[in-house]
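Read through the structure below, which is laid out as C-alpha cells, and then see the notes.
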Amino acid sequence: MDTPLTRVLGPKTAKVMAEQLALHTVRDLLRHYPRRYARRGEMTRLDGLEVGDRVTVLAQVKSVSTRRMQQRRGTLTEVTVGDGAGSMRLVFFNNRHAHLDVGEWGLFAGTVGLWRGDKQFSHPDCHIITGDDDDWARALVPLYPASKDVSSWVIQKSVKLLLDDAHSLEQLLEDPIPATVRDRHGLVDLATALRQKHRPENQEQVDSADERLKWDEALVLQATLAARRRAAALEPGIARPGRPGGLLDAVDAALPFALTDGQREVGEELAAELAREQPMNRLLQGEVGSGKTVVALRAMAQVVDAGGQAALLAPTEVLAAQHARSLAAILGPLGRAGELDGDPAGTRVALLTGSQKAAVRREARAAVADGSAGIVVGTHALLQEGVEFADLGLVVVDEQHRFGVEQRDALRAKGTRPPHVLVMTATPIPRTVAMTVYGDLETSTLRQLPAGRGGVSSSVVPVGEKPAWLDRAWARVREEVAAGRQVYVVCPRIGDLEDGGKGDDGPDDADGAPPPEEKGGTSDKRPPLAVLDVAEGLRNGPLSALRVEVLHGRMPPEEKEARMRAFAAAEVDVLVATTVVEVGVDVPNATVMVVMDADRFGVSQLHQLRGRVARGKHAGLCLLVTEAPSTSPTGQRLAAVAATTDGFALARLDLETRREGDVLGAAQSGRRSNVKLLSLLDDEALIAEARVEATTLVEQGRGLADHPELAAAVAALALDERATYLEKA
Ligand code: ADP
Ligand code: MG
C-alpha cells in the first residue's frame, strides 16, 4: 500500500498526481474516492452549471461544425452537447479535439466559461464512450475530484490499473476491520469495498462500499481514542479525596448563592472520581453562563484539601486574570495564606501569563514550585518549560475548544504522576463530535442555568436594508445605560497601525470563524469594522454622552487588566472590544451585546459573545449588525443564531456550516485526511457502534496486539495527527 505511484504509473502522471492532488502512494490513490457517479440515462445536469466551475459532464454530441476563423489564422470547431436538461458549447481551435461525431456520448471536462452570454468549455478534455470501451459503458461512471492536469478519467484509468491486478490487490490490502466485526455488522471486506466504490455496477454496491469505508474511518479513530483511554487508565495517578473542614467546605460556606441541582450532581461525580487513584479524564460541557467555574473551583479546592495543587488553564489573558480575580474574591482570606490578613488554613492563588513582568512571573513560578500556591491560574504560559509544580493533582482546562490534545498532554506531563483532568467547554458539543474529537474523555453536562436569569433576546440588524435600525440600536444602548446597565460593542478588527486592515484579535480561533465559502459577506467591499474606528465614531456620535472605552489584544497587559476591572466596576458604560471578550468574561451588570459585522463571526463565536450578557438578574439584548442581505446564506445563518439560544441546536448548525475536516482539525481539503466519507452530522449511529466495537477490541485480550492490521492503521493515524499538529505549530 505504501508503494509509490511512480512505480506503478507513468512518471508524468505520477508527478502531477503528487503535485496537484497530494496522491503519493497506492493507498492514497485507492482512497481517492469518486466524488459522485455519472449515470447513463440520468445525466449530469448541464443547466445547473455555474461559470467558473471545473466540472466533468456526461453528454451527447448534438452538432459539430468547423469553420475558418476570420480574425486569426486557423479553424474553430464548435460542438454542441446536450444532456436532456440543457446544452452547452464546446470550442476547439485548429482541430485540437478528439474526433467527435453527432450522436456519440462522451465525458467532457473543463472550466465553465462564458462567451456572448452562453456557457461554454474551451478545448475541454474529452472522452468518447465507444461501444468496446466497457469502462464507460457502465451504469455508473465514477467522477473523481480532479485537478488541472489530472482529469477524472486519468484517475479512473489509474485506479483500474491497480484494481485489475486482482491478485496483488488482495495481498496488498490489510483489512483494518477484523472479520468478526465485519460479520457482525454485515460489512464487505476491504478489497470488495474498494472495487465497488471505484467500479460499481449499481447503486447498492456504492452504498455497501460507503458503509464499509465509513466504518474504516470510524473504527480507526475510535480505536485510537480507546487506546488513549486505556493507556491513561493503566497509569495510576494519586487519589485526592475530600477533607471535612477544609478549603472546599469554606468555599461552599462563602458562596453567595445555592448551587443548582446540576452543579451539585456534577460536583458529586467529580468528587468521587478525584478520590480514586485512576486519573479522571472528564469533559464538562455546559451552556454559557451555567456556572462551570464554581464547579471547577470546588474540584480544585478538594485537591488542595488533599495536599495537591490545581492548575486552571484559560485561553486568554483577560480570562485568566478574571478567573484569578474571582477565585481570590470567593476565597477571601483563605486565598491569601502566608499574607498578613490571610488564613493559614487556606492556600494561595498564583497567576501566570506570558506578558507578566519578569519579576512578577519569577515570584509566581516560585510559589508554584514550592507548593505555597495551591491554585494556579494561567494561559499558555503554564505549559512552558521551567514551570514546575510541587505536586500537580488536577488540571482544569477552560474553554477546551481553544486547546489541542497536545497542550492538554503538555500540562498533564507536569505532574509526577498523571493528574486528574477536567476539561470545560461552553460550546455544546454534538454527541458525534464528543465521541470523536473528545472521545478519550468521559462527559458531564450542565443543562440548567442558575435560577432568576433574565434571558437574552436577539435581533439581526440588517443595516444594508434598514439603515435606520442602527440608530435605533444606539438609542437602545443609551436607554440601557440610563437604566444603569452596561454594554459591549464587539468588532472583528482592532484598527491600529499593525493590523493593516485584516488583523484579527483574540485567541487563535480557526474553529470559530465562519465557513470559508461564507466569508466575504462584507469583505468584498471594505475591510471589517475596527474597534478604534467604531469607538471614535460612537464617542463623537450617538454615544457622545456615555463613557466609551476600548479593549483589544494588543493593549499592554496592565492596561487591559485595568480596563476590564473598570468595566467590571461599572466605571465604563460601553466597552468596544475585539473577541478578547468572547469567552468567559463575566460582568453581570452588562445587558447589551452589539456585534458589528456579525457575519464575520462563526455561529459558536456569536453564541459565546451573546453569553456575555444577561448573566445577572437583568434581561439581555444581543444585536447582530450586518450588511449581509437577510436572504443570503450568511443572513440566514445570523437569523438562525438570533432565533435560538439552545446551544445544542446551534452547535449542530455550526457543524452544518463547517466542513468535517475543520471540526476534526484535519489537514486541509485535498490533503491527506482520515475522514473522507464519515459525516459527523449523519453517521451518529455508525460512530456509536464503532466506538463500542473499538473499545472491546482494545480492551479484550492483548488489545490491539491481537489485531495487527487495525494497530497499523491506528499507528498511521497517530503519525498523521502528529504531522498535522506540527504543520499547525
Ligand atoms: P460559565 O459556565 O459560562 O463559565 P460562570 O461560571 O462564569 O459561567 O458563571 C456565570 C455567572 O453565574 C457567574 O456570575 C457566577 O457567579 C454565577 N453563578 C454560578 N453558579 C450560580 C448559581 N448556582 N446561582 C446563581 N448564580 C450562579
Ligand atoms: Mg466560563
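For ligands, and for the atoms within them, numbers begin at 1 and follow the listed sequence. Just so it is clear, the model here is predicted, and its values are computed rather than measured.
Heavy-atom distances between Ser290 and ligand 1 reach below 4.0 Å in at least one pair.
Between the side chains of Arg485 and Asn589, a donor-acceptor pair is found at a separation under 3.5 Å. For the residue pair Thr645/Arg610, the side-chain donor-acceptor check at 3.5 Å is not satisfied.
Under 4.0 Å is where a charged nitrogen must lie from a carboxylate oxygen, and between Asp391 and Arg240 at least one such pair does. Salt bridge status for Arg336 with Asp341: present, with a side-chain N to carboxylate O gap under 4.0 Å. Ion pairing between Glu268 and Arg264 fails under the 4.0 Å rule for side-chain N and carboxylate O.
Here the shortest heavy-atom distance to atom 4 (O) of ligand 1, taken over Thr425, Thr293, Val295, Leu297, belongs to Thr293. By heavy-atom distance, the residue among Pro256, Ala258, Pro450 lying nearest atom 23 (N) of ligand 1 is Ala258. Taking all heavy atoms of Lys617, Lys292, Arg615, Arg612 into account, the minimum distance to atom 7 (O) of ligand 1 is reached by Arg615.
Proximity of Leu259 to ligand 1, defined as any heavy-atom pair under 4.0 Å, is confined to the backbone N, CA, C and O atoms. Of the heavy atoms in Gln263, only side-chain atoms (C-beta onward) come closer than 4.0 Å to ligand 1. Neither the backbone nor the side chain of Ser326 comes within 4.0 Å of ligand 1, counting heavy atoms alone.
For Tyr488, the ring pair (Phe, Tyr, Trp, His ring centres under 6.0 Å) partners are Phe567, not counting sequence neighbours.
Taking every heavy atom of Thr260 and a limit of under 4.0 angstrom, the matching atoms of ligand 1 come to 23 (N). For ligand 1 and Asp586, the ligand atoms under 4.0 Å from any heavy atom of the residue are 11 (C), 13 (C), 14 (O).
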Give every donor-acceptor pair under 3.5 Å between a side-chain atom in residues 271-279 and any protein atom, sequence neighbours left out.
unit_1 : atom_1 : unit_2 : atom_2 : d
Glu273 : OE2    : Arg282 : NE     : 2.6
Glu273 : OE2    : Arg282 : NH2    : 2.7

